[in-house]
Amino acid sequence: MEKRFNPLAADGRWQQAWDEAQAFRADDHSPKPKCYVLEMFPYPSGRIHMGHVRNYTMGDVLARYKRMTGHEVLHPMGWDAFGMPAENAAMEKKVHPGDWTRANIAAMKAQLKRLGFALDWSRELATCEPDYYGHEQALFLKMLEAGLVYRKESEVNWDPVDMTVLANEQVIDGRGWRSGALVERRKLAQWFLKITDFAEDLLDGLDALPDWPEKVKLMQANWIGRSRGLRFGFKLDQAAAGHDGIDVYSTRPDTIFGASFVAIAADHPLALALAEQDSALAAFAEECRRTGTAAEEIETAEKKGYDTGLNAVHPFDPEWKLPVFVANFVLMGYGTGAVMGVPAHDQRDLDFARKYMLPVPRVVAAEGEADKPIHDEAYTGPGRLVNSHFLDGMSVDEAKAAVIAKAEDGGWGQGTTVFRLRDWGVSRQRYWGTPIPVIHCADCGIVPVPADQLPVVLPEDVSFDVPGNPLDRHPTWRDVSCPTCGAAAKRETDTLDTFADSSWYFVRFASQPEDKPFDKAIAEQWLPVGQYIGGIEHAILHLLYARFWTRALKHLGMLDFAEPFGGLFTQGMVTHETYSASHYDQPEGSEPAKLYWVAPEDVEYIDGKPVERVSGRPITVGRVEKMSKSKKNTVDPTAIIDQYGADAARWFMLSDSPPERDLEWSEAGIEGAWRFVQRVWRLATDREPAAGEDKDLDRKLHKTIAGIAEDIEALSFNKAVAKLYELANALEKAQPSASRTQAIDAMLLLVAPMIPHLAEEAWSARGHEGLIALADWPKVDPALLVDDEVTIAIQVNGKLRDTLTAPKGADKASLEAMALESEKIIAFLEGKAPKKVIVVPDRLVNLVA
RNA sequence: GCGGGCGUGGCGAAACCGGUAGACGCAGACGACUUAAAAUCGUCUUCCCCUGGAGUGCGGGUUCGAGUCCCGCCGCCCGCACCA
């Protein structure tokens with residue numbers, strides 16, 4: 001027998017054995033309980049990175065464990081294969097996006113295979129293939145028919161570098177999420193999905209997701225952003241530019257008697273109308289639009305306004321006139337684009353009022369503070385209404401209800417719920433995406449592509465030598481006849497946002513018939529996904545869209561459930577030290593000039609000091625950061641597998657750091673993992689004459705079995721790893737016995753989900769028949785989970801002074817007696833009797849002196 | 001600014017309901033085996049003024065007993081951001 005486990009020989013052999021046995025194929029018709037384990041599918045960028053390895057290893061351990069504990073497991077893999085990078089590659093390297101993407105998929109699939117993941121490759125899918133996106137087009141048309149899709153001329157976020165529209169969710173600090181370019185505003189006819197129809201349900205549904213991280217639920221709740229308030233109309237004392245009133249929305253209708261002005265957004269219809277005759281206003285509005293949306297700009301931007309000269313009439317007092325301003329802090333995109341200004345109780349309104357010398361009447365006050373003037377801080381705390389006529393003396397909540405009731409009775413306002421969430425703009429002016437399956441006819445308008453003409457296949461003969469969408473320049477694809485009237489018509493050349501592709505792929509994994517998107521009955525056998533694992537960066541976009549899409553499918557009667565992912569886990573990043581060197585050789589201690597990043601494999605240590613291998617220049621070791629190409633601190637998983645094998649890489653991904661936290665990759669860490677793999681091999685192959693019982697070892701084993709099961713179910717892989725180290729230590733110390741032989745077999749079963757290749761090799765070397773991947777998880781004997789003896793801590797005044805060994809379950813009196821016999825304790829008590837004795841059975845005795 | 005999370009040895013971290021803080025790993029020290037090295041094995045490793053004392057970011061509190069609960073600070077990280 002080999003002295004060492006040789007992964008280079010063994011890994012491939014077992015991967016082939018699993019393939020041949022179809023060990024991980026999910027059976028739709030199995031009578032076993034179903035379990036769907038899913039990791040977020042990758043974008044085929046070309047190579048897998050350590051983040052993928054970590055993500056998929058976690059899912060794999062769970063999937064393998066579930067299989068061993070009697071579940072029929074669905075653990076699929078596919079490719080989120082549409083998107084910008086393929087087009088960028090096409091422009092830079094003159095390759096077709098499809099060729100580039102498919103080559104990347106092949107390369108990454110080969111890499112994933114080498115890690116030995118227990119995946120059902122028979123269900124592999126790529127979103128860029130017509131047999132996937134064709135069904136997506138069918139779903140889009142069903143949503144269109146059901147009124148969940150609409151088209152509207154709208155101002156969009158235009159990314160001038162990527163030459164495409166971005167959803168609000170894809171604009172970060174006023175910049176495109178991918179290109180980083182400053183986003184411009186443009187008017188375009190766009191397709192929208194009515195996610196706002198489900199705003200309330202998407203928010204309330206979060207409460208029914210106990211196995212989601214609170215953090216993610218909170219982020220989604222904030223994003224959906226529900227607020228309750230009053231929408232009401234101010235009349236203008238005289239009509240202007242065709243408007244006789246202004247609708248505003250307020251979450252604080254209780255403060256209505258504290259209003260001192262009305263402010264409207266620069267893009268408000270009234271402001272636009274007025275600006276046509278007022279060049280000064282037009283200039284001010286233009287200035288407002290220019291103000292960036294970046295964080296610092298908003299923070300430092302002064303509240304500015306333009307007095308329109310108009311007056312609004314207070315709804316409770318026809319004599320009370322409020323000046324109407326156009327203000328830079330009012331956003332057209334939220335509420336009605338107009339607000340009532342209550343300076344005493346809103347900080348922005350207060351800043352504005354101070355600048356334009358408007359009154360600041362207090363209408364809410366804490367006990368005894370009714371006369372306390374407002375200075376530069378608005379009062380937003382609780383209290384009772386003052387200076388507010390019929391509201392005086394009410395609490396804030398009572399006053400809100402009273403004002404809403406009056407407004408509704410008087411017919412000038414309505415209590416409403418407003419959401420921050422906007423409809424999902426899905427049109428992209430790109431080639432490499434799912435074609436939107438509609439035809440524009442001059443006579444018939446928008447005509448859906450008939451179902452029997454789906455899929456609308458992307459044409460392959462396109463060129464990328466000009467910026468913009470090549471579909472616009474493709475006459476034979478674009479020009480069609482209208483399916484309704486037969487006249488000349490044009491295809492929609494926009495494609496769907498790639499987030500649409502990832503909004504239902506988990507359903508297609510569960511069921512993939514040729515003639516329809518999925519079979520309801522089969523899909524529902526697997527869904528919802530039991531455990532979904534991926535990065536926190538998808539907390540809002542992907543997860544919200546997928547929740548919406550699932551609700552839309554339910555609305556269409558295609559599914560019976562609303563939440564796609566029962567359990568969600570967001571794993572931490574893989575990080576690495578960063579290394580930099582200077583272009584100029586300088587005396588020590590001087591400022592480093594012109595630094596450049598150095599990759600880990602180009603760093604070597606000479607006399608304990610890091611230097612760049614090629615130049616010998618000294619290296620500065622920088623912060624530990626997420627592995628990224630820009631910082632060059634990446635480690636290629638394939639190189640690691642070549643050197644250490646898949647199991648060591650997998651083991652390292654699971655050790656040390658809790659899975660939700662960042663994991664720092666290090667050479668020492670992977671070396672340690674390698675040593676452990678070899679240790680297990682030595683334990684498993686070191687045959688000994690086996691007889692006799694070892695009760696302590698039996699107990700240790702059964703505690704470990706129970707503990708590991710618990711840890712894997714909770715995804716606490718680092719704790720499971722620690723327990724396995726303890727078991728290995730115990731096995732090495734133990735004398736040969738039948739117990740030990742059994743424990744070694746059991747240990748192989750316990751490590752099989754984590755280091756499956758070694759487990760198979762050792763399992764077979766020890767003469768077992770069949771694949772360990774398909775073996776049963778060892779049974780726990782509950783009798784062996786309890787000890788006969790326990791260690792009792794003896795404290796004096798809460799401080800540990802001694803310990804003693806007592807039989808499990810010893811009564812309080814005998815524990816106390818034993819404690820008082822301890823010589824150390826006698827010394828500490830200096831002969832005095834304790835004032836009080838606290839005994840916690842099987843744990844401790846605390847003597848209070 | 002708003003919301004959330006986290007602070008434990010040289011490092012990554014354990015510690016279930018308030019009950020022996022530091023399991024387990026990394027790094028390190030010493031030793032064994034070896035012609036030698038690698039590999040492997042063994043012992044030690046929170047700190048200090050070391051028969052004792054201190055110690056889980058800092059300061060208080062509750063309790064027989066606090067890493068864990070409460071109050072007040074400090075620091076770091078993440079998300080959102082003029083949302084009316």
Side-chain angles (χ1 to χ4, degrees), chain A residues 3-4 172-173 213-223 225-227 229-230 248-253 255 263 265 291 293-295 297-299 301-303 327-331 333-342 345-349 351-352 418-421 536-537 539-540 624 651-652 655-658 660-664 666-673 675-676 678-679 682 707 710 716 718-729 732-733 791-803 827 834-840 842-849:
Chain A
K3 273 209 142 57
R4 278 183 153 213
I172 295 147
D173 289 343
E214 286 303 318
K215 183 188 171 72
V216 173
K217 289 195 274 186
L218 201 70
M219 283 164 74
Q220 292 218 349
N222 289 339
W223 188 264
R226 176 166 55 197
S227 74
L230 175 67
V248 300
Y249 171 72
S250 173
T251 54
R252 294 295 304 273
T255 62
T291 309
T293 46
E297 285 182 83
I298 288 165
E299 226 152 81
E302 204 184 346
K303 302 285 174 283
N328 65 347
F329 66 90
V330 182
L331 306 174
Y334 187 78
T336 60
V339 300
M340 69 163 177
V342 184
H345 305 291
D346 181 286
Q347 192 58 45
R348 290 158 307 172
D349 295 350
D351 295 346
F352 189 82
V418 166
F419 293 93
R420 204 190 83 111
L421 185 69
I536 185 77
E537 66 273 21
I540 296 171
V624 173
W651 185 255
F652 182 39
S655 347
D656 289 351
S657 287
E660 69 278 8
R661 270 190 238 175
D662 290 352
L663 172 73
E664 189 186 340
S666 68
E667 193 71 19
I670 184 69
E671 290 278 355
R675 276 200 299 273
F676 179 75
Q678 295 300 341
R679 257 178 90 190
R682 279 195 306 276
E710 208 172 289
S716 299
N718 58 320
K719 293 191 212 167
V721 162
K723 290 190 177 84
L724 286 165
Y725 273 115
E726 281 189 65
L727 181 63
N729 291 345
E732 275 167 359
K733 285 206 178 74
T791 307
I792 303 290
I794 311 175
Q795 298 178 334
V796 176
N797 294 330
K799 286 195 166 62
L800 180 73
R801 295 306 179 189
D802 200 3
T803 58
K835 284 186 203 146
K836 193 176 171 185
V837 181
I838 286 120
V839 182
V840 182
D842 295 337
R843 278 211 180 263
L844 60 75
V845 179
N846 188 13
L847 306 163
V848 185

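Below, chain A is the first sequence line, B the second, and so on; all start at residue 1.
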Original post:
Does any donor atom in the side chain of Tyr725(A) or Ser655(A) lie under 3.5 Å from an acceptor atom in the other side chain?
Top reply: no
Original post:
What integer distance in Å separates Lys215(A):NZ from G4(B):P?
Top reply: 12 Å
Original post:
With side chains defined as the heavy atoms from C-beta onward, is the minimum distance between Lys215(A) and Ile536(A) less than 4.5 Å?
Top reply: yes
**OP:** Between A27(B), A84(B), C41(B), spot the one nearest the side chain of Ala668(A), thanks.
**Re:** A27(B)
Subject >> Secondary structure string for RNA chain B (Watson-Crick or G-U under 3.5 angstrom, | for other-strand pairs) >> reply: (((((((..(((......[....))).(((((.......))))).(((...)))..(((((..]....))))))))))))....
Original post:
Is Trp651(A) close to Leu724(A) at the side-chain level, that is, under 4.5 Å between some pair of heavy atoms?
Top reply: yes
Original post:
For Glu710(A), does the CD atom sit with more than 12 other heavy atoms under 6.0 Å from it, leaving out its own atoms?
Top reply: no
**OP:** Determine if the base of C70(B) is syn or anti; take syn to mean the glycosidic torsion is within 90° of 0.
**Re:** anti
Subject >> Residue Arg420(A), side-chain atoms from C-beta onward, closest of C64(B), A81(B), C78(B) >> reply: A81(B)
Original post:
Does G18(B) fall in syn (glycosidic angle within 90° of 0) or anti?
Top reply: anti
**OP:** Return the nearest nucleotide to the side chain of Leu218(A); candidates are G4(B), G53(B), A84(B).
**Re:** G4(B)
Original post:
Whole Å only: how far is the CZ atom of Arg679(A) from the P atom of A39(B)?
Top reply: 15 Å
Original post:
If you check every side-chain atom of Arg682(A), which of C41(B), A84(B), C80(B) has the closest atom?
Top reply: C41(B)
Subject >> Integer angstrom distance from the C1' of C11(B) to that of C17(B) >> reply: 31 Å
**OP:** Could you state the atom-to-atom distance from CD1 of Ile670(A) to P of A27(B) in whole Å?
**Re:** 13 Å
**OP:** Could you give the distance separating G72(B) and G4(B) at their P atoms, to the nearest angstrom?
**Re:** 14 Å
**OP:** Using a 4.5 Å cut-off on heavy atoms from C-beta on, say whether the side chain of Arg679(A) contacts that of Asn729(A).
**Re:** yes
Original post:
Using the P atom in both, what is the distance from G1(B) to G10(B), to the nearest Å?
Top reply: 34 Å
Original post:
Where the side chain of Leu331(A) is concerned, which of A27(B), C83(B), C80(B) is the nearest nucleotide?
Top reply: C83(B)
Original post:
Could you give the CG-to-P distance, from Asp802(A) to G52(B), as a whole number of Å?
Top reply: 12 Å
**OP:** State whether Lys723(A) and Glu726(A) are salt-bridged, where the test is any N-O pair (Lys NZ or Arg NE/NH1/NH2 against Asp/Glu carboxylate O) under 4.0 Å.
**Re:** no
Original post:
Out of C82(B), A84(B), C64(B), which nucleotide sits closest to the side chain of Asn328(A)?
Top reply: C82(B)
Original post:
Base, sugar-phosphate, or nothing: which does Lys836(A) touch, judged by heavy atoms less than 4.0 Å apart?
Top reply: sugar-phosphate
Original post:
Quantified in whole Å, what is the P atom distance between nucleotide U45(B) and nucleotide U68(B)?
Top reply: 26 Å
Original post:
Taking the same atom, C1', in G57(B) and in C76(B), what whole-Å distance lies between them?
Top reply: 11 Å
**OP:** Could you tell me the separation between the CZ atom of Arg226(A) and the C1' atom of A84(B), rounded to a whole number of Å?
**Re:** 18 Å
Original post:
What are the two closest heavy atoms between Phe676(A) and Ala728(A), and how far apart are they?
Top reply: CE1-CB, 4.0 Å
Original post:
Roughly, in whole Å, what's the span from CZ in Phe352(A) to P in C82(B)?
Top reply: 17 Å
**OP:** Taking only the side-chain nitrogens and oxygens of Arg675(A), find out if one of them lies under 4.0 Å from OP1 or OP2 of A27(B).
**Re:** yes
Subject >> A84(B) OP1/OP2 closer than 4.0 Å to side-chain N/O of Tyr334(A) >> reply: yes
**OP:** Pick base, sugar-phosphate or nothing for Arg801(A), based on heavy-atom distances below 4.0 Å to the nucleic acid.
**Re:** sugar-phosphate
**OP:** Pick the P atom in G18(B) and in A29(B), then give their distance to the nearest Å.
**Re:** 42 Å
Original post:
So, does the side chain of Lys835(A) form a donor-acceptor pair with the base of C64(B) at under 3.5 Å?
Top reply: no
**OP:** Write down the atom of Met219(A), the atom of Ala539(A), and the distance for their closest heavy-atom approach.
**Re:** CE-CB, 3.6 Å
Original post:
What nucleic acid atoms does Val837(A) come within less than 4.0 Å of, heavy atoms only: base, sugar-phosphate, or nothing?
Top reply: nothing
Original post:
What closest approach, in Å, do Asp656(A) and Asn718(A) show between heavy atoms, and which atom pair accounts for it?
Top reply: O-CB, 3.7 Å
Original post:
Taking atom C1' of G53(B) as reference, at what distance in whole Å does atom CG of Asn797(A) sit?
Top reply: 16 Å
**OP:** Report the glycosidic orientation of C26(B): syn if within 90° of 0, anti in every other case.
**Re:** anti
Original post:
Which heavy-atom pair separates Arg420(A) from Tyr334(A) by the least distance, and what is that distance?
Top reply: CA-CE1, 3.9 Å
**OP:** Between A84(B), C78(B), A39(B), spot the one nearest the side chain of Arg4(A), thanks.
**Re:** A39(B)
**OP:** Determine the interatomic distance between P on G67(B) and the same-named atom on A21(B); round to the nearest Å.
**Re:** 8 Å
**OP:** Looking only at non-hydrogen atoms, find the nearest pair between Glu664(A) and Phe652(A) and report the distance.
**Re:** O-CZ, 3.6 Å
Original post:
Between atom CE in Met219(A) and atom C1' in G4(B), what is the gap in whole Å?
Top reply: 10 Å
**OP:** Return the 5'-most residue of the pair Val721(A), Val848(A) with respect to RNA chain B, ranking by each residue's nearest nucleotide.
**Re:** Val721(A)
Original post:
If we take the P atom in both C41(B) and A27(B), what is their distance in whole Å?
Top reply: 13 Å
Identify all pairs in which a protein N or O lies below 3.5 Å from an N or O of nucleotides 12-23 of chain B, and state each distance.
| from | atom 1 | to | atom 2 | distance (Å) |
| --- | --- | --- | --- | --- |
| G12(B) | O2' | Ser657(A) | OG | 3.0 |
| A14(B) | OP1 | Asn718(A) | ND2 | 3.1 |
| A15(B) | OP1 | Lys719(A) | NZ | 2.8 |
| G19(B) | N2 | Gln795(A) | OE1 | 3.4 |
| A23(B) | O2' | Glu726(A) | OE2 | 3.4 |

**OP:** Determine the minimum heavy-atom distance between Asn797(A) and Asn846(A), stating which atoms define it.
**Re:** N-OD1, 3.5 Å
